[in-house]
Amino acid sequence: MNAMSRDTALVRITDLHKGYGPNIRVLRGLNIEMKPGERVVVIGPSGGGKSTLLRVVMGLEEIQGGAITFAGQPYISADGRKTRIDTEVRKKIGMVFQHYTLFPHLSVLQNLTLAPCKVVGEPRAKAEERGRAILARFGLEAKADAYPSQLSGGQKQRVAIARALMLDPQLMLFDEVTSALDPELVAEVEQVILNLAAQGMPMMMVTHDMWFARNVASRVIFCAGGVVVEDGPPEQVLGDPKEERTREFIDRVFHIKG
Amino acid sequence: MDYTLDIGAVTRNLEPLFQGLAVTLQLTVAANIIGITAGFGLALLVLSRFAVLRVPAMLFVEFFRCTPAIVQIVWFFYCVPMLFNVFLGPVTMGILALGMNLTAFNAEAYRAAIQAVPKEHLDAGIALGLSPTQRVLNIVLPQALRASVPVLLTNGIGTFQQSALVAIVGVQDLMYQGKTLATQTYRPIETFTIIALFYLAVSFPVSQIVGYLERRRGLAVR
Ligand SMILES: Nc1ncnc2c1ncn2[C@@H]1O[C@H](COP(=O)(O)OP(=O)(O)O)[C@@H](O)[C@H]1O
Ligand SMILES: [Mg+2]
């Protein structure tokens, strides 16, 4: 149709500015171009705006400047003081959060079928069938009728991933989805994400687990001070960073890990 | 103290007490129907983005929260008929006075429960593509209504007890019948003890239910 539709990027973030109120500026002219099939891990110091970046891409935040396109389509833009978000484009993106966000009044299966039934108008029986199939794939078929309060943290996060997948997203966002978990529950959640990665699901995620980052990422972005400081393949950014700030950060993270 | 207890003086006259209890229950149930429904509407007004809706609603709530119930009842019984030239019969007036008080308190219960729904749940709703209305109907209200049940029950039983205040404006409730009986029989100790037991017999089971619901919620939340 126009030049936009020839854009080969899945997500193109251009000169993104985002703050909270007049005094807190978090993202200061950030640019990222994510290609289809890429798995981007965003790392960086705490408070550096990683969650903010993912929340902006999810369409949960107002922005003060810049634009985001998704698969060549305009998605988010700062229009004067207002933020314009195309809610149809937003439906193509799924997100899992650090803290459990399962709806406590709904069973596991109901959590999965809520959006397909309400948003897409899928018949309940069909949605339930798909839901049970996804749960079975995640080893959670026995929990279909359980309530979130009866699940472990790892199970909750796996259900949250399953819930997002019910809408066939074209991009998944994961914001530190294992940091609230007890250590012995981390692996089961990371395994689910690794499986998704193996199936070619495009994803953008924040994690502090460098082992996991190295295994899942096709690309690592180091963000600090609200801009991209370093961007490259995992071996390079995590193993042999070019930038001094990246090197300092990586050293510190591995040092803490012992 | 040479006062010999004579429970019989009261037990021989239980009928007016039961009639009074019926009036008290009628006041309680009707006031709760008003409080549970209008309280919800009022909570939505209190949470409104529009100041023209929000400010009057907040003033209504604060008026009832910041004045003694007995003043509200007396004011309602004496001033409303004079100011507006309406009088609807003592029981109806009592229901309206108690119901408005309960509406204000229940609105606070609903408001707190709505605001207690974690913001993350709404973010998840957006991420799942739910529209604002769908988020309210499927995420906020089901959680908020469940969370408000124990407070609504506590408020409701509070109204049951406060309904005794309408005796002073001549509504023939349990307290009124008790006072009458005590005067007739000269047996205030027996009468008022039995009256207290009547109130206890209704309130205690409900407060046990509230305790049970709160324990169950406490387990379910984490
Ligand atoms: N809702 C908010 N209101 C105000 N400040 C916020 C809000 N969310 C995040 N911030 C601030 O923005 C900065 C970036 O936060 P965040 O994106 O969570 O960083 P990260 O995920 O990299 O740790 C922090 O200084 C944080 O305090
Ligand atoms: Mg974060």
Side-chain angles (χ1 to χ4, degrees), chain A residues 51 54-61 85-106 110-122 146-153 156 159-169 171-175 180, chain B residues 36 39-40 43-44 47 49-51 106 109-154 209-222:
Chain A
S51 296
L54 259 56
R55 292 177 56 82
V56 167
V57 174
M58 187 62 250
L60 299 175
E61 297 286 348
I85 301 175
D86 186 322
T87 53
E88 286 308 307
V89 174
R90 182 164 68 184
K91 288 180 186 165
K92 300 173 184 173
I93 303 175
M95 181 160 179
V96 182
F97 300 82
Q98 174 176 1
H99 295 288
Y100 316 125
T101 55
L102 297 184
F103 307 129
H105 60 291
L106 299 178
Q110 287 167 336
N111 264 278
L112 265 61
T113 56
L114 176 67
C117 293
K118 301 285 175 195
V119 178
V120 195
E122 183 174 9
Y147 280 82
S149 59
Q150 300 167 301
L151 303 181
S152 73
K156 284 183 205 173
V159 171
I161 296 171
R163 182 173 70 177
L165 292 179
M166 287 294 286
L167 296 158
D168 291 323
L171 169 69
M172 279 296 299
L173 307 174
F174 298 100
D175 186 10
Chain B
I36 286 170
F40 182 71
L44 296 183
L47 291 168
R49 275 182 294 148
F50 306 109
N106 281 356
Y110 285 120
R111 181 201 56 74
I114 288 172
Q115 290 183 328
V117 174
K119 191 183 165 296
E120 289 86 1
H121 288 186
L122 291 172
D123 290 339
I126 296 174
L128 290 168
L130 297 170
S131 69
T133 315
Q134 288 171 334
R135 297 197 288 271
V136 170
L137 292 180
N138 295 288
I139 301 174
V140 178
L141 291 186
Q143 291 193 56
L145 293 181
R146 265 159 244 244
S148 54
V149 167
V151 189
L152 297 179
L153 281 174
T154 303
I209 293 171
V210 171
Y212 166 76
L213 289 178
E214 281 174 342
R215 277 193 304 279
R216 210 183 57 167
R217 256 196 86 68
L219 293 179
V221 162
R222 287 289 129 189

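All values below come from the heavy atoms of this structure, side chains included, with hydrogens, waters and symmetry mates left out. Within every chain, numbering begins at 1; the chains are lettered A, B, ... in the order of the sequence lines, protein sequences first and strands thereafter.
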Undergrad: Between the side chains of A:R55 and B:D123, is the shortest nitrogen-to-carboxylate-oxygen separation below 4.0 Å, so that they form an ion pair?
TA: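 Looking at A:R55 together with B:D123, the answer is yes, because their closest N to O distance falls below 4.0 Å.
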Undergrad: Look up atom CD in B:Q143 and atom CG in A:L106, then write down how far apart they are to the nearest 0.5 Å.
TA: 8.0 Å
Undergrad: Distance check, rounded to the nearest 0.5 Å: A:L60 atom CG versus A:F97 atom CZ?
TA: 5.0 Å
Undergrad: Compare every heavy atom of A:L112 with every heavy atom of A:M166, then report the nearest pair and how far apart it is.
TA: CG-O, 3.5 Å
Undergrad: State which residues pass salt bridge (Lys or Arg N to Asp or Glu O under 4.0 Å) with A:K91; sequence neighbours excluded, sorted by chain then number.
TA: A:E88
Undergrad: Compare every heavy atom of A:P169 with every heavy atom of A:A164, then report the nearest pair and how far apart it is.
TA: O-CD, 3.4 Å
Undergrad: Checking heavy atoms, do the side chain of A:R163, its backbone, both or neither come under 4.5 Å from chain B?
TA: both
Undergrad: State the CE-OG distance between A:M58 and A:S51, to the nearest 0.5 angstrom.
TA: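 Rounded to the nearest 0.5 Å, the CE-OG separation comes out at 14.5 Å.
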Undergrad: Can you tell which part of A:L167 gets under 4.5 Å to a heavy atom of chain B, answering side chain, backbone, both or neither?
TA: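 Only the side chain of A:L167 comes within 4.5 Å of chain B.
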Undergrad: Can you say whether A:Y147 sits under 4.5 Å from chain B via the side chain, the backbone, both, or neither, judging by heavy atoms?
TA: neither
Undergrad: Could you measure the distance from the SG atom of A:C117 to the CD atom of A:Q110? Nearest 0.5 Å is fine.
TA: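 Answer rounded to 0.5 Å: 10.0 Å.
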Undergrad: Which pair of heavy atoms, one from A:I85 and one from A:G59, lies closest together, and at what distance?
TA: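 Smallest interatomic distance, heavy atoms only, reads CD1-O, 3.6 Å.
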Undergrad: Once you round to the nearest 0.5 Å, how far does CG of B:L152 lie from CG of B:N106?
TA: 5.0 Å
Undergrad: For chain A, which residues of residues 126-136 of chain B have at least one non-hydrogen atom nearer than 4.5 Å to it?
TA: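 Only B:I126, B:A127, B:L128, B:G129, B:L130, B:Q134 of residues 126-136 of chain B have a heavy atom under 4.5 Å from chain A.
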Undergrad: Can you list every ring pair (Phe, Tyr, Trp, His ring centres under 6.0 Å) pair that touches residues 113-152 of chain B, not counting sequence neighbours?
TA: A:F103-B:H121
Undergrad: Quick one: what part of A:L102 sits under 4.5 Å from any heavy atom of chain B, side chain, backbone, both or neither?
TA: backbone
Undergrad: Applying a criterion of heavy atom separation less than 4.5 Å, what residues of residues 109-120 of chain B form contacts with chain A?
TA: B:K119, B:E120
